[in-house]
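Input: a single structure, listed below in structure tokens.
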Amino acid sequence: MREISKQFDFKEREGAIYKLWEESGFFNPDNIESAKRYCNILPPPNANGELHIGHASGYTVMDIFGRFERMNGKKVLLLPGKDHAGIQTQVVFERKLKEERGITRQMLGREKFYQECYDFCINRSDYMRSQEKRIGISADWSREKFTLDPDGLKTALETFVKMYKDGLVYKGHRIINWCSRCGTALSDVEVEHKEREGKLYHIKYPVKDSKEFVVVATTRPETMLGDTAVAVNPKDKRYLGFIGQTLVLPLQNREIPVIADRRIDMEFGTGAVKITPAHDMLDWQIGKDHKLPEIQVIDEKAEITLEGGSYAGLGVSEARAKIITDLAGQGLLEKEEALVNNVSVCERCKTVIEPLVSKQWFVKVDGEKYSLKKKTLELIKSGKVEVYPENFKKILIQWLGNLQDWCISRQIWWGPRFPVWYRGEETYVGLEAPKGDDWIQDENTFDTWFSSGQWPYTTLGYPNGKDYKNFYPTDTMITGRDLLFFWAARMLMLGQYRTGKTPFRNLYFTGLVRDKEGHKFSKSRGNGIDPLEIIEKFGADALRLSLVMDISPGQDSRLFEEKIESFRNFVTKLWNIFRYCEQSDVEFALVEKISKRDLKTLADKWIVSQLEDVVKKVSEHMKDKNISLAQDALRKFTWDSFADWYLEINKMEKNSKVLGYVLDRILKLWHPFTPFVTEEIYGILNSGSNVLMMAKWPKSEKKFIDAKAQTDFSDLQDLVAKIRNMRANYHIDPTELLEGYAKAEIEKEIIGKLARVRIGTGGVKKKMIQVSTRLRTLRLDIAKSIDVAKETASIRKEIANLENLIAKNEGMLKNKKFTAGAPTEVILSAKNRLEEYKEKARVQKELEKNLSRL
RNA sequence: GGACACGUAGCUCAGUUGGUUAGAGCGUUUCCUUGACAUGGAAAAGGUCAGAGGUUCGAGUCCUCUCGCGUCCACCA
């Protein structure tokens with residue numbers, strides 16, 4: 001007999017097992033013969049760092065479904081890749097340049113910077129790939145993609161050209177969100193709104209040729225340098241007389257009108273609002289409607305421009321301080337109020353966003369010829385894409401409804417450049433530079449999400465690639481709920497537009513992984529959990545289980561070591577089940593098929609019946625994409641039924657055929673969740689002839705479902721539990737062998753071993769106490785240890801409880817509305833239950849009587 | 001201001017067309033070195049399923065309101 005260690009040596013074995021899978025070739029769907037297909041394009045992580053626990057969580061879900069589908073005989077493609085992640089990578093790489101070489105990107109120049117950044121990403125990708133493999137992802141690495149790969153990129157840029165021709169993109173002079181630190185425009189979703197303590201300044205604007213003032217309230221006094229009007233609500237009686245008058249803008253001595261606009265809230269501040277069309281979203285709208293001039297007083301570095309007169313060159317916050325001082329000096333600052341207001345910050349670097357008017361490229365989301373917005377709404381509402389959890393559908397629909405044009409140009413260097421060329425007044429849009437000299441290419445690069453939003457079909461070689469034809473639309477997209485708008489919505493929009501089809505049929509969201517206190521993992525907080533460290537310490541299988549067990553889609557979860565540890569313990573359990581089986585028989589082997597004749601004892605019938613039940617449940621839960629319920633059912637069966645009961649009984653009633661059969665099936669059922677340990681066990685027992693990864697997913701065999709065995713065995717369990725319970729209640733030494741007597745035939749050996757009772761030798765004694773279940777009766781010689789009053793009380797309590805239940809069920813069954821309205825199954829089960837309670841009550845009453853004789 | 005979640009055992013969470021006496025893991029208490037496993041086993045304690053109404057034969061599950069916590073959206077200057 002071979003020597004098998006007490007625990008699965010995951011550290012030693014995981015690498016080799018992964019290699020075995022890779023060498024089998026079955027990560028590549030081309031090597032699988034099947035007409036059925038399953039495809040999941042894996043979300044590409046940013047190629048600038050390393051894997052974090054969020055990636056691990058998503059990948060685990062993807063791999064579980066991938067392995068499940070593969071075992072169900074499908075050609076499975078999990079297509080991995082990496083994202084160039086424009087702004088974020090540029091930030092990371094610039095920091096690296098500064099730290100390591102003390103240089104800026106300007107010192108390198110655009111081309112060199114791009115090349116070095118590219119190499120950096122490729123390098124990081126290699127590292128990240130090795131991390132992904134550690135988690136056990138069964139992805140086809142031969143198809144791995146990068147968002148800047150020439151073929152896919154070409155497709156993505158073609159989309160832009162097509163959109164240009166369709167009038168769905170335009171270059172416009174509009175107000176946009178500007179991050180002065182990243183030096184680029186941002187789309188609306190890249191801006192976060194944070195509540196901050198601020199101040200509301202009340203500033204007096206003198207009326208021209210008058211001693212009167214209009215007092216405006218603002219949180220951003222520095223923008224007053226660019227004011228071109230003051231607006232009030234036309235219904236606001238306080239200001240009726242001022243509408244149409246001219247004010248003198250303090251500090252600038254510029255004359256500006258008082259205008260009326262319905263969008264002004266009379267309740268807020270003073271009801272009079274300074275209008276700065278160049279630096280505020282609403283003001284820009286109002287400025288457009290009232291044809292007000294735009295005066296840019298803040299530049300791209302968040303400094304005051306020459307238009308700002310004496311404040312020119314100051315940073316925004318310095319300017320604010322100086323302006324407040326100056327206004328106070330002139331007696332124009334009426335008061336300051338504390339105020340909590342929303343500040344817009346850059347999603348990447350948290351720098352305060354400056355709204356600026358700028359010339360940028362936009363996607364028209366609601367064009368006349370084609371409306372991305374409406375088509376996507378139709379797609380979602382039609383149910384061509386299923387969303388998990390379902391309520392995220394509503395969020396998507398609401399978001400799409402409010403969608404504004406999408407700014408897609410970025411002023412960074414890292415990323416694909418716009419396929420647009422200019423010569424004088426001419427503009428050319430196309431994949432290649434036009435012929436002729438003097439054409440200058442647009443400086444802008446694309447929003448990362450413009451290319452990753454096309455990921456499902458650029459990776460498959462749209463429009464003519466074989467993979468595209470075979471695998472598109474893909475089956476499932478699994479992504480973090482934080483990417484709902486950034487990515488998921490854009491994939492739907494662009495996929496539907498470009499290919500005319502939904503990019504995926506199922507959209508599954510994972511929640512965020514948080515720490516034990518519910519905080520987000522973050523570098524600054526220092527609470528990160530490194531997936532690789534966890535794998536080192538507890539193994540990849542334990543990590544996988546802890547990331548998906550007891551978790552529902554879209555819902556955040558918490559991860560901490562004690563939790564992972566308990567799943568590591570489960571892996572050990574699985575391993576020891578195998579160890580027991582191995583040692584139970586010198587010729588122990590896995591068994592693929594058994595017949596009814598192989599089921600010799602009640603325990604055999606029971607465990608196989610339970611197993612078939614679990615196969616059915618797990619398969620159904622997996623089809624419903626309910627990983628958690630699948631695992632729950634499996635774990636209960638494996639640990640409670642198989643290990644704690646069947647194995648114990650099997651020690652007395654050997655049946656290695658049943659053992660081999662059950663083990664074979666649970667290895668298969670567990671494989672998607674814990675691929676490493678199951679593959680290892682399978683390999684040892686199967687002499688490595690096949691990989692478990694390609695084994696067929698079990699089918700539930702109805703012929704083994706045996707309701708009678710289930711009830712009978714659970715009655716036996718009840719009896720054992722009762723005896724154990726008595727021992728514990730009366731502090732009877734657990735090692736003490738009790739004398740017992742049974743009139744009818746009973747599982748002497750099992751009860752003897754599990755409850756430590758020697759049955760049948762001494763015959764019935766007067767002082768024996770009766771222990772009964774519905775189907776079994778036993779007399780035990782523990783009467784002298786029993787506290788009759790205590791025992792009677794507890795029995796009476798149970799009788800009362802049962803009578804309650806009997807009354808409840810009888811009432812139910814007498815109720816005509818119930819018998820008329822409830823489904824037959826429910827009625828039937830109520831009837832059965834009632835009989836069961838009655839029987840139990842009878843048994844208890846008999847016990848009570850027996851007890852009274854002691 | 002609008003929307004969406006969440007509130008179930010001390011802690012972390014399951015509970016999917018409303019239908020067994022509401023579950024698990026961890027933790028706690030008592031006991032067990034029984035040759036698969038102490039990363040284990042047995043027994044137990046612990047819940048008016050946030051609160052109040054309603055619908056129903058029947059509600060943790062559906063509806064309304066309240067309270068609490070959170071997230072997202074929005075042009076609160």
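Lettering follows sequence order; numbering is per chain, from 1.
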Interatomic distance where CG belongs to A/L629 and C1' belongs to B/rU17 [whole Å]: 15 Å
Passing option when A/F570 is tested against A/F538, A/W670, A/F8 for ring-ring contact (aromatic ring centres under 6.0 Å, His included): A/W670
Sugar-phosphate only, base, or nothing, as touched by A/K6 at under 4.0 Å among non-hydrogen atoms: sugar-phosphate
Protein-nucleotide distance (A/L512, atom CG; B/rC6, atom P), rounded to Å: 16 Å
Inter-nucleotide C1' distance (B/rG60, B/rU48), Å rounded: 12 Å
No-H, no-angle donor-acceptor pair, A/R568 side chain to B/rU39 base, under 3.5 Å: yes
Value in whole Å for how far the C1' atom of B/rA5 lies from CG of A/L396: 15 Å
Distance-only donor-acceptor test (3.5 Å): side chain A/Q7, base B/rA36: no
Touch class at under 4.0 angstrom, heavy-atom based, for A/D624 against every strand present: nothing
Sugar-phosphate, base or nothing in reach of A/N342, heavy atoms under 4.0 Å: base
Distance, P atom - from B/rA36 to B/rG18, rounded to whole angstrom: 47 Å
C1' spacing across the pair B/rU33 / B/rG23, given as an integer number of angstrom: 32 Å
Pair partner, B/rG58 [Watson-Crick or wobble, under 3.5 Å]: none
Distance-only donor-acceptor test (3.5 Å): side chain A/K563, base B/rC26: no
Sugar-phosphate only, base, or nothing, as touched by A/K816 at under 4.0 Å among non-hydrogen atoms: nothing
Proximity to the side chain of A/I395 - top-ranked nucleotide from B/rC4, B/rC73, B/rA77: B/rC4
Whole-angstrom distance between B/rG47 and B/rU8, as gauged at atom P: 14 Å
Geometric class of the A/F642/A/Y646 ring pair [parallel <30°, tilted 30-60°, perpendicular >60°]: parallel
Output field: ring centroids A/W575/A/Y580 closer than 6.0 Å: no
C1' atoms of B/rA77 and B/rG70, separation to the nearest Å: 28 Å
Between A/S714 and A/Q717: side-chain donor-acceptor atoms closer than 3.5 Å: no
Any side-chain donor near an acceptor of the partner, A/T674 and A/D541, under 3.5 Å: no
Touch class at under 4.0 angstrom, heavy-atom based, for A/F570 against every strand present: nothing
